[in-house]
Amino acid sequence: MNTLIVIAQKALPVFIMLGLGMLCRKKQIISREGVAAMKTFAVNITLPAVMLSAFATASYTRESLIVPLVIFLCCVLMLVLGQVLCRAMHIPGRLSPYLATGFEAGMLGYALFALLFPQESTSAFAIVDLGQVLFVFTLYKALLAGSSGLRGVIREAAHAPTVWAIGAGLLIGASGLYGALAPSGISGVLDAVTDFIAAPTSAVILLTIGYDLVPGEIRWRRTARLAALRLIVSGLALVLVVLLDRLVLGCMMHTGALILMFTLPPPYVLPVFADVEEERTDVSSALSALTLISLILFMFLTVFFAI
């Protein structure tokens, strides 16, 4: 198949849905409340179905333990590097170092992976994602919330549908239950149900992201250093993990999933923890800018993996 056609098949759906999201905001086709409801629907219903299926169908070998551990430690290293670079680059703000670590895999990564590798199981991405999910729901949010907010972080994790979906998927897959039920056809029923529920995930998430993307409102000068901080740390971390995977781990990780993960923006939840309104605005602008950069990088990935 022509390379340009392959690229168009993978990239056009992303930018069409983003464009539709922008159009919905401009023409007021969907209200802000409606978009909020769509996000809730995606995060609490369709995305958990994606994760349940991904972890239930994953192949559980030694890489199932090593890969998440490597990514978790990498996220910790990225936070440390972020703190060092913030001092070196004279970047103020309590939240600035946290822009250097964590990945928005839930609201963006799974959608892009499904488009970039439509013939492959999302379990390849899920195993890489597990390490950063554990990091975000433990150390990342605990440090952001402080000791007084630790109980709230634990309560949030305990009530998050995505966490329950990952846990259920791990239990079904790692225990061998999924494989044991395959001959009876029950595993196929599970696949049919999760596939049906998960189907609209990419379209819904990309539309809501497009709705929130307003390039004209991004404070580019003030966010340039924050974006540079993120890109420097992500680039260094990606090189380190790729080398580790090639030279030490024997290519355990899915290369496409790994590269895609490190092009993603930081977790969208970060502005919630801002104590000062100005810092909340700067972090939100940085997240919007980094989302645009991630989508541009996605375009390059479609070319790279199509060749």
Side-chain angles (χ1 to χ4, degrees), residues 14-15 18 21-22 25 32 35-36 39 43 74-109 111-112 129 132-133 135-137 139-146 205-238 259-301:
V14 173
F15 289 95
L18 291 173
M22 293 179 178
R25 183 193 68 250
R32 174 64 61 182
V35 169
K39 287 182 180 179
V43 171
C74 182
C75 287
V76 175
L77 176 62
M78 291 171 72
L79 179 58
V80 173
L81 286 175
Q83 292 171 334
V84 172
L85 283 179
C86 278
R87 296 191 189 98
M89 298 169 68
H90 305 291
I91 299 176
R94 182 179 75 90
L95 300 186
S96 298
Y98 294 91
L99 279 166
T101 190
F103 306 95
E104 188 46 66
M107 283 296 289
L108 190 58
L112 295 183
D129 177 44
Q132 79 90 28
V133 166
F135 171 77
V136 168
F137 275 98
L139 187 60
Y140 186 82
K141 286 190 175 181
L143 289 173
L144 281 169
I205 287 176
L206 290 170
L207 187 140
T208 61
I209 290 174
Y211 192 98
D212 289 333
L213 274 181
V214 188
E217 294 182 3
I218 297 174
R219 306 199 293 186
W220 290 102
R221 272 189 191 177
R222 301 187 66 167
T223 60
R225 286 195 300 168
L226 292 174
L229 168 71
R230 170 68 183 196
L231 294 175
I232 291 170
V233 173
S234 292
L236 290 173
L238 175 59
I259 295 174
L260 177 63
M261 177 71 75
F262 281 83
T263 65
L264 298 175
Y268 288 156
V269 72
L270 186 56
V272 173
F273 295 93
D275 301 319
V276 182
E277 183 59 35
E278 185 177 2
E279 185 173 19
R280 181 180 290 108
T281 302
D282 287 343
V283 170
S284 297
S285 293
L287 287 173
S288 295
L290 288 165
T291 299
L292 284 172
I293 293 170
S294 294
L295 294 170
I296 293 169
L297 292 174
F298 173 78
M299 280 284 294
F300 285 102
L301 289 181

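Numbering starts at 1 and runs along the sequence shown.
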Verdict with reasoning, Leu295 to Leu213, per side chain to side chain contact (heavy atoms under 4.5 Å, CB included) = CA-CA 12 Å; Leu295 294 170; Leu213 274 181; 4.2 Å; yes
Kindly give the heavy-atom pair with the smallest separation between Leu95 and Leu270, and that separation in Å.
-> CD1-O, 3.7 Å
Do Leu144 and Val269 come within less than 4.5 Å of each other through their side chains, counting heavy atoms only?
-> no
Is the shortest heavy-atom distance from the side chain of Leu18 to the side chain of Leu207 under 4.5 Å?
-> no
Is a donor on one side and an acceptor on the other found under 3.5 Å between the side chain of Ser285 and the backbone of Ile218?
-> no
After noting the C-alpha distance and the side-chain angles of Phe135 and Thr101, does the key distance pass the side chain to side chain contact (heavy atoms under 4.5 Å, CB included) rule?
-> CA-CA 10 Å; Phe135 171 77; Thr101 190; 3.6 Å; yes
Should we count CZ of Phe15 as having more than 12 external heavy atoms under 6.0 Å?
-> yes
Of the non-hydrogen atoms in Tyr98 and Tyr140, which two are nearest, and what is the gap between them?
-> O-OH, 3.2 Å
Check against side chain to side chain contact (heavy atoms under 4.5 Å, CB included), Thr291 and Asp212 | CA-CA 11 Å; Thr291 299; Asp212 289 333; over 6 Å; no
Is the side chain of Thr208 donor-acceptor paired with the backbone N or O of Ile205 at a distance under 3.5 Å, no angle test?
-> yes
Quick one: does Leu287's side chain get under 4.5 Å of Leu99's, heavy atoms only?
-> yes
Residue pair Val214 / Arg25, side-chain heavy-atom distance below 4.5 Å | yes
Non-hydrogen atoms of Ala286 and Thr223 that approach each other most closely | N-CG2, 3.6 Å
Roughly how far apart are Ser288 OG and Trp220 CH2, rounded to 0.5 Å?
-> 8.5 Å
Is there a side chain to side chain contact (heavy atoms under 4.5 Å, CB included) between Leu143 and Phe273 once you walk through the steps?
-> CA-CA 10 Å; Leu143 289 173; Phe273 295 93; over 6 Å; no
Between Leu264 and Ala105, what is the shortest heavy-atom contact and its length?
-> CD1-CA, 3.8 Å
Are the side chain of Glu104 and the backbone of Pro265 linked by a donor-acceptor contact shorter than 3.5 Å?
-> no
Atom pair CE/CD of Met78 and Gln83 - distance to nearest 0.5 Å = 13.0 Å
Side-chain heavy-atom pair Pro97, Arg87 within 4.5 angstrom cut-off = no
N/O donor-acceptor pair under 3.5 Å between Gln132 side chain and Cys75 backbone | no
Which pair of non-hydrogen atoms, one from Arg280 and one from Val272, has the smallest distance, and what is that distance?
-> NH2-O, 4.4 Å
From OG (Ser284) to CZ (Arg219), nearest 0.5 Å | 9.5 Å
The single option from Arg94, Arg222, Arg221 passing salt bridge (charged side-chain N to carboxylate O under 4.0 Å, His left out) against Asp282 = Arg222
Separation between CD1 (Ile296) and CG (Leu301), nearest 0.5 Å, reads 12.5 Å
For Leu290 and Pro266, which heavy atoms make the closest approach, and how far apart are they?
-> CD1-CD, 3.7 Å
Are more than 12 heavy atoms from other residues, nucleotides or ligands located less than 6.0 Å from atom CE of Met89?
-> yes
Value rounded to 0.5 Å, distance of CG in Leu108 from CZ in Phe103 = 12.5 Å
Nearest-0.5 Å distance, CG of residue Leu236 to CG of residue Leu81 = 7.0 Å
